[in-house]
Every structure is written in structure tokens, then in C-alpha cells.
Amino acid sequence: MRTRGSDIDTAPSIDLGMVCYELNQFDEAYKYFNDAYNYGKERAFQDRPKKYLEFYLHKKA
């Protein structure tokens, strides 16, 4: 995370969230998705499979 290009680059958080999700580490996935969502809202999930945004929004509710 320290090597990301800028503080508003959400890709590293989304990528880590996706990995955690696929490893069934859902609390960790939510944490990374939440970080990305706080910067870019739904746009942070653009061009990613919809299941990740759906997971995040469902857990956030």
C-alpha cells in the first residue's frame, strides 16, 4: 500500500479487497472495499465484477 501512486488511487484497496473476498476473509475484504469506497464511491468499483460492489453495499447496509 505504501507504493501506490497517490492517496486517491483506489485500485490497490480494491485489489486487496478482491483477494480477501476470494479467500473468504470477508471482514478484511470489507475493510479494503470501504477504504476505496470512501475515496471514489461506486466509481472505485468500475470495471470490476459486480459481485464485489454488491457484497460491499449489502454488508454496509
Worked check of side-chain contact (heavy atoms from CB on, under 4.5 Å) between F33 and S13: CA-CA 6 Å; F33 289 153; S13 293; over 6 Å; no
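- If you take CZ on F45 and CD on E54, they are separated by 11.0 Å, rounding to the nearest 0.5 Å.
- Heavy-atom neighbours of K50 NZ from other residues, nucleotides or ligands within 6.0 Å: at or below the threshold of 12.
- In this structure, I14 and Y52 have side chains that are not in contact, with every pair of non-hydrogen atoms separated by 4.5 Å or more.
- Taking the six-membered ring where tryptophan is involved, the planes of F55 and F26 are tilted, since the angle between them lies from 30° to 60°.
- Atom NE2 of H58 and atom NZ of K51 lie 15.5 Å apart (nearest 0.5 Å).
- Here the CD atom belonging to E28 is positioned 5.5 Å from the SG atom belonging to C20, to the nearest 0.5 angstrom.
- Contact of the Y37 side chain with the E42 side chain is registered, since non-hydrogen atoms from C-beta on lie closer than 4.5 Å.
- Between Y30 and Y21, a ring centre-to-centre spacing not shorter than 6.0 Å is recorded.
- Under the side chain to side chain contact (heavy atoms under 4.5 Å, CB included) rule, V19 has a single partner from D15, L16, L23, which is L23.
- When all heavy atoms of T10 and A36 are compared, the closest pair comes out as CG2-O, 3.6 Å.
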